[in-house]
Amino acid sequence: MFDLPAEIAEAREWAHGFAEKYVRPVAAAYDEREEMPWAVIEEAAKVGLYTPEFALQMIADPTGLLQPVVAEEIFWGDGGMGQALLGTFLPAAALFGAATKEQIDTWLPAFFGTPGDLAVAALCASEPNAGSDAAAIRTHARYDEATKEWVLNGTKTWATNGGIANIHIVNAVTDPALGARGHALFLIPPGTRGLSQGQKFSKHGLRASHTAEVVLDDVRIPADLVLGGKDALDQRLATAREGSRVRVPAAMATFEMTRPGIGAMAVGVARAAYEYALQYAGVREQFGRPIIDNQAIAFTLADMAMEIDAARLLVWRASHMMTRGKPFTRAEGSMAKLKASEVAVRTTERAVQILGGNGYTRDYPVERWARDAKIFTIYEGTSEIQRLAISRALSGRRIQ
């Protein structure tokens, strides 16, 4: 856990080098323009960082550390561009977690495209009135026996790559009486009629990543495009109707899988801010000496370093456990995501404070990193939801 295997260490250096060469130099410009960094994604595809093969490699990694190590380095480069580069890996995780092998083999390449013909994918889970309360979603999937098609209607929101994606994975209700147990994930192929982009959001942070609503108006897809297959869904719904326990709904299982990865992204942003503040404090002089010679600054930097290391270890533990098939009996995935996201917010705020007035301007990157950091306490389960999951796991009680 403390000495990375050689292949993981090499991947870390590879990802760091890519972030340093291709991400850092243009991050501020893409943030300012709120523009998807297609040119940088193209470079990532050329070197093998943005490919279905690399997605499979991360899933198959026996240590569980490849994904968080790479995510930390890319987000060290920039949060918004990191989200644009790795946003497709979230719907890919949903595919791996819920689909049949045949569905994975058939559709995964379309998530990424190829160099020169890039594609992105989107996972559409949240709705205008259903964020943390996933059971409240209203997007509905009805099976049309006459045509052997699913018909989807509803509006999704906060979808990374929503509307511009080649493939959309949509969480929808198949049986409203079952609540969350009646949910299923559906794959919407490119060019499907009835799917359109709604509002594109102008965001506080992660501005280089495209986030939008997705509108589904009588979207028709073949029966076999429910992830896991229709027979498996019918069996699960029948079991739920009998009152028996069923497995966690696919969308929730995806978020449980990806929480350590989100934590790694937060660690990357936090580390970027800490390293910049440390370097700045060593050269910025006030009252005739570098400001790092003052205990107030030095102690703050010490706390920043300690918290980042603690967050990273929680992320690595959760990722390692998940790969080995060990259940999160103490909500270790939520612990990792919660700790790392709040460390990112505190660290970037402290970095701004250390830079003073400079830190508040867009001439210095810590201002951008502070804006990017906040989202980690909100998306894929707010800090409050993570605390709820942890407290329920520890107490064994249905805390509300």
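We number each residue from 1, following the sequence as shown. Values reported hereafter were calculated over all heavy atoms of this structure, with side chains retained and with hydrogens, waters and symmetry mates removed.
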*Are E307 and T347 linked by a side-chain donor-acceptor pair shorter than 3.5 Å?*
no
*asked:* Tell me every residue that passes side-chain contact (heavy atoms from CB on, under 4.5 Å) with R142, counting only those two or more places apart in sequence or in another chain.
replied: H140, D144, V151, R220
*Under the side-chain contact (heavy atoms from CB on, under 4.5 Å) test, which residues partner F201, sequence neighbours left out?*
T157, W158, Q199, K203, T211, E213
*L66: which of D61, I59, L4 passes side chain to side chain contact (heavy atoms under 4.5 Å, CB included)*: D61
*Transitively linked via ILVMFWY side-chain contacts under 4.5 Å: V215 with I164?*
no
*Which atom pair, heavy atoms only, marks the closest approach of L314 to A336?*
O-CB, 3.5 Å
*Would you call D78 and R368 a side-chain contact if the rule is heavy atoms closer than 4.5 Å?*
yes
*asked:* With a 4.0 Å cut-off on N to O distance, would you call R346 and D303 a salt bridge?
replied: no
*Checking salt bridge (Lys or Arg N to Asp or Glu O under 4.0 Å) for the pair R271/E73: CA distance, chi angles, key distance, verdict?*
CA-CA 9 Å; R271 196 184 100 218; E73 297 307 322; 3.0 Å; yes
*Does NZ or CZ of R24 come closer than 6.0 Å to the centre of the six-membered ring of W76, within 45° of the ring's axis?*
yes
*Could you verify whether a donor N or O on one side chain and an acceptor N or O on the other, from Y50 and T88, lie under 3.5 Å apart?*
yes
*Should L187 and L95 count as side-chain neighbours, where that means a heavy-atom distance under 4.5 Å?*
yes
*asked:* Using side-chain heavy atoms (C-beta onward) and a distance below 4.5 Å, is M321 in contact with R317?
replied: yes
_Heavy-atom count check: over 12 atoms from other residues, nucleotides or ligands less than 6.0 Å from E102 CD?_
no
*Are side-chain heavy atoms of V269 and F376 found at a separation under 4.5 Å?*
yes
_K339 and E342 ion-paired at < 4.0 Å_ = no
*Can you name the nearest heavy-atom pair linking A208 to A84, along with the distance?*
O-CB, 3.8 Å
*Taking side chain as C-beta onward, heavy atoms only, is D175 less than 4.5 Å from R241?*
yes
*Establish, for the pair R362 and Y364, whether the NZ or CZ atom is under 6.0 angstrom from the six-membered ring centre and no further than 45 degrees off its axis.*
no
*Tell me, yes or no, whether the heavy-atom count around K200 atom NZ, taken from other residues, nucleotides or ligands under 6.0 Å, exceeds 12.*
yes
*Salt-bridge contact E380-K337 (side-chain N to carboxylate O under 4.0 Å)*: no
_Tell me whether Q235 at atom CD has more than 12 heavy atoms from other residues, nucleotides or ligands lying less than 6.0 Å away._
no
*Specify the closest pair of heavy atoms between T323 and G64, including all atoms of both residues, with the distance to one decimal.*
OG1-CA, 2.9 Å
_Holding to ring pair (Phe, Tyr, Trp, His ring centres under 6.0 Å), I want the full list of residues that pass it with F54, two or more places apart in sequence or in another chain._
W14
*Considering non-hydrogen atoms only, spot the tightest contact between Q103 and G229 and give its length.*
NE2-N, 4.0 Å
*Taking I169 as the fixed residue, which of I188, L123, L90 is the one that meets the side chain to side chain contact (heavy atoms under 4.5 Å, CB included) rule?*
L123
*asked:* Would you say that W150 contacts T174 through its side chain, given a criterion of any heavy-atom pair below 4.5 Å between the two side chains?
replied: yes
*How many angstroms lie between atom NE2 of H183 and atom CG of L237, to the nearest 0.5 angstrom?*
11.0 Å
*F89 and F112 aromatic centres sub-6.0 Å*: yes
*Only counting residues at least two apart or in another chain, list the ones meeting side-chain contact (heavy atoms from CB on, under 4.5 Å) with T382.*
S132, E384, I385
*Can you name the nearest heavy-atom pair linking G116 to E42, along with the distance?*
N-OE2, 2.7 Å
_Heavy-atom count check: over 12 atoms from other residues, nucleotides or ligands less than 6.0 Å from Q295 CD?_
no
*asked:* Who clusters with I137? Use side-chain heavy atoms, under 4.5 angstrom, across I, L, V, M, F, W and Y, and order the result by chain and number.
replied: V173
*Under 4.0 Å between a Lys/Arg side-chain N and an Asp/Glu carboxylate O for K374 and E349?*
no
*Is any side-chain heavy atom of N161 closer than 4.5 Å to a side-chain heavy atom of M36?*
yes
_Other residues, nucleotides, ligands: >12 heavy atoms within 6.0 Å of N129 CG_ = no
*Might you point out which heavy atoms bring G263 and V315 nearest each other, and give the distance in Å?*
C-CG2, 3.7 Å
*Might you confirm whether atom CD of Q353 has over 12 heavy atoms from other residues, nucleotides or ligands at distances under 6.0 Å?*
no
*asked:* In this structure, would V345 and M265 fall into the same cluster of hydrophobic residues linked by side-chain contacts under 4.5 Å?
replied: no
*ILVMFWY clustering at 4.5 Å (side-chain atoms), partners of M335*: L338, I390, L394
*Decide yes or no for I354 and L301: does some side-chain heavy atom of the first lie under 4.5 Å from some side-chain heavy atom of the second?*
yes
